[in-house]
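So that we are looking at the same thing, I have put the structure below in structure tokens.
Note on naming: letters A, B, ... go to the chains in the order of the sequence lines (proteins, then strands), and numbering restarts at 1 for each one.
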Protein chains: 2
Amino acid sequence: MLDRIADKWTVLVVGALATETKRFGQLRRELDGVSQKMLTQTLRGLERDGIVYRKVYATVPPKVEYSLTTLGLTLVNLVETVRYWSEGNIEKVLMAQKRYDA
Amino acid sequence: MLDRIADKWTVLVVGALATETKRFGQLRRELDGVSQKMLTQTLRGLERDGIVYRKVYATVPPKVEYSLTTLGLTLVNLVETVRYWSEGNIEKVLMAQKRYDA
DNA sequence: CGGGATCCACATCGATACTG
DNA sequence: CAGTATCGATGTGGATCCCG
């Protein structure tokens, strides 16, 4: 459980879906560095956990939209806080690492 | 970066050290299910990142105390929130999984 | 477009044995 | 007591190819 919500891609995906529904390709482009496999895997896991809702349109070409469920929305604040802490302290951590490695 | 602070053992270790300094064996007993290897590894990583302070007493038998640094203390609220969300929503997630798997 | 399937390199982790 | 070292099983992630 901690594993999932603490997961790197979970944090990024929930963050990306915080404000609006997005399509697969859109997410892939936004989450720089994610492979298609990892994105699919993360989304499937989040869908299974009831955090993300997956809506498939039976069109050609296919169209799939991802959004947060009610449960997923309760996670938004949490992951934003996590990201905020990361961005705000990454410098201190990098400096500590330099000191430690020396 | 997200990887570390989101890590399962990081959450548990920071949580365990939130209120008081603890020894290695004490942490190991408290964090049920952690192997000695993972605990050592997690603590080393957190020490390297400047989140945990490691104090070694030159005694026989050895005594090593772990505590949070100033930076580490800023993480306490965050990890407590993560744990709180987990504990508060684990039931919903498990139910969603049952539904999904069916 | 949104994946599924497969292969493979690499990292992770548990178990075990040993030590200052 | 608090580790280090090592091995072997398992898991993870990227790359590639293919499909409805």
Side-chain angles (χ1 to χ4, degrees), chain A residues 1-17 20-49 51-69 72 97 100-101, chain B residues 1-17 20-49 51-69 72 97 100-101:
Chain A
M1 184 59 186
L2 276 177
D3 290 355
R4 170 160 315 285
I5 69 170
D7 180 76
K8 174 186 176 185
W9 294 121
T10 296
V11 171
L12 297 176
V13 165
V14 172
L17 295 179
E20 48 171 344
T21 291
K22 280 172 188 167
R23 301 184 56 181
F24 186 87
Q26 209 172 347
L27 283 172
R28 190 176 179 185
R29 267 170 272 118
E30 270 183 47
L31 277 53
D32 204 52
V34 70
S35 67
Q36 167 251 47
K37 180 181 173 181
M38 285 315 298
L39 183 53
T40 299
Q41 205 168 287
T42 302
L43 288 169
R44 285 288 180 284
L46 291 173
E47 187 194 358
R48 179 167 181 265
D49 291 348
I51 290 167
V52 156
Y53 173 61
R54 179 169 179 262
K55 182 166 192 178
V56 183
Y57 294 86
T59 58
V60 179
K63 178 178 171 184
V64 181
E65 283 181 350
Y66 292 94
S67 55
L68 294 181
T69 61
Q97 290 179 355
Y100 184 92
D101 293 340
Chain B
M1 185 60 187
L2 277 177
D3 290 354
R4 169 158 314 285
I5 69 169
D7 181 75
K8 173 186 176 184
W9 295 122
T10 295
V11 171
L12 296 176
V13 166
V14 171
L17 294 179
E20 49 172 344
T21 291
K22 280 172 188 168
R23 301 184 57 180
F24 186 88
Q26 208 173 348
L27 283 172
R28 191 175 178 187
R29 266 171 273 117
E30 270 184 47
L31 278 54
D32 204 52
V34 69
S35 67
Q36 165 253 45
K37 180 181 172 182
M38 285 314 299
L39 183 54
T40 299
Q41 207 168 286
T42 302
L43 287 168
R44 285 286 181 284
L46 291 173
E47 186 193 359
R48 179 168 180 263
D49 291 347
I51 289 169
V52 155
Y53 173 60
R54 178 169 179 262
K55 182 166 192 177
V56 183
Y57 294 86
T59 56
V60 178
K63 177 179 171 183
V64 181
E65 283 181 350
Y66 292 93
S67 56
L68 293 181
T69 61
Q97 290 179 354
Y100 184 93
D101 292 340

When the nearest nucleotide of DNA chain C is assigned to Pro61(B) and to Asp7(B) on a heavy-atom basis, which residue is associated with the more 5' position? Asp7(B)
Could you pull out the closest heavy-atom pair between Val14(A) and Leu68(A), with the gap in Å?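 Scanning both residues completely, I find the closest heavy atoms to be O-CD1, 4.0 Å.
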Check Arg29(B), Glu65(B), Arg28(B) against Arg23(B) for a side chain to side chain contact (heavy atoms under 4.5 Å, CB included) and give me the one that passes.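 It is Glu65(B), the one option of Arg29(B), Glu65(B), Arg28(B) that forms the side chain to side chain contact (heavy atoms under 4.5 Å, CB included) with Arg23(B).
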If you pin Pro62(A) and Ser35(A) to their nearest nucleotides in DNA chain D, which one's is more 5'? Ser35(A)
Closest listed nucleotide, where the reference is the side chain of Thr40(B) and the choices are dG14(C), dG3(D), dG14(D):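 Per side-chain heavy atoms of Thr40(B), the pick is dG3(D).
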Hey, does Leu27(A) have a side-chain heavy atom less than 4.5 Å from the side chain of Leu43(A)?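 Answer yes - side chains close enough.
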Give the nucleotide from the list dC7(C), dG3(C), dG14(C) with an atom nearest to the side chain of Met38(B). dG14(C)
Presence of Arg44(A) side-chain N/O under 4.0 Å of dG3(C) phosphate oxygens OP1/OP2: yes
Taking only N and O in the side chain of Arg29(B), is any of them less than 4.0 Å away from OP1 or OP2 of dA2(D)?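 Checking dA2(D) against Arg29(B), no side-chain N or O comes under 4.0 Å of OP1 or OP2.
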Have a look at Tyr66(A) and say if it touches a base, only the backbone sugar-phosphate, or nothing, with a 4.0 Å heavy-atom cut-off.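 Counting heavy atoms under 4.0 Å across all strands, the contact made by Tyr66(A) is with sugar-phosphate only.
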Got Leu46(B) and Arg4(B) here, is their nearest side-chain heavy-atom distance under 4.5 Å? yes
By nearest nucleotide on DNA chain D, pick out whichever of Trp9(A) and Arg23(B) is the more 5' one. Arg23(B)
Has the side chain of Gln41(B) got a donor or acceptor that lies under 3.5 Å from a partner of the other kind on the base of dT4(D)?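 There is none.
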Does Gln36(A) get its side chain close enough to the base of dG4(C), under 3.5 Å, for a donor-acceptor pair?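 Looking at the base of dG4(C), it does pair with a donor or acceptor on the side chain of Gln36(A) (distance under 3.5 Å).
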What is the distance, to the nearest angstrom, from the OH atom on Tyr57(B) to the P atom on dC1(D)?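 So the OH-P distance, Tyr57(B) to dC1(D), works out to 17 Å.
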Check the phosphate of dC1(D) against Arg28(B), side-chain N and O only, distance under 4.0 Å to OP1 or OP2. Yes or no? no
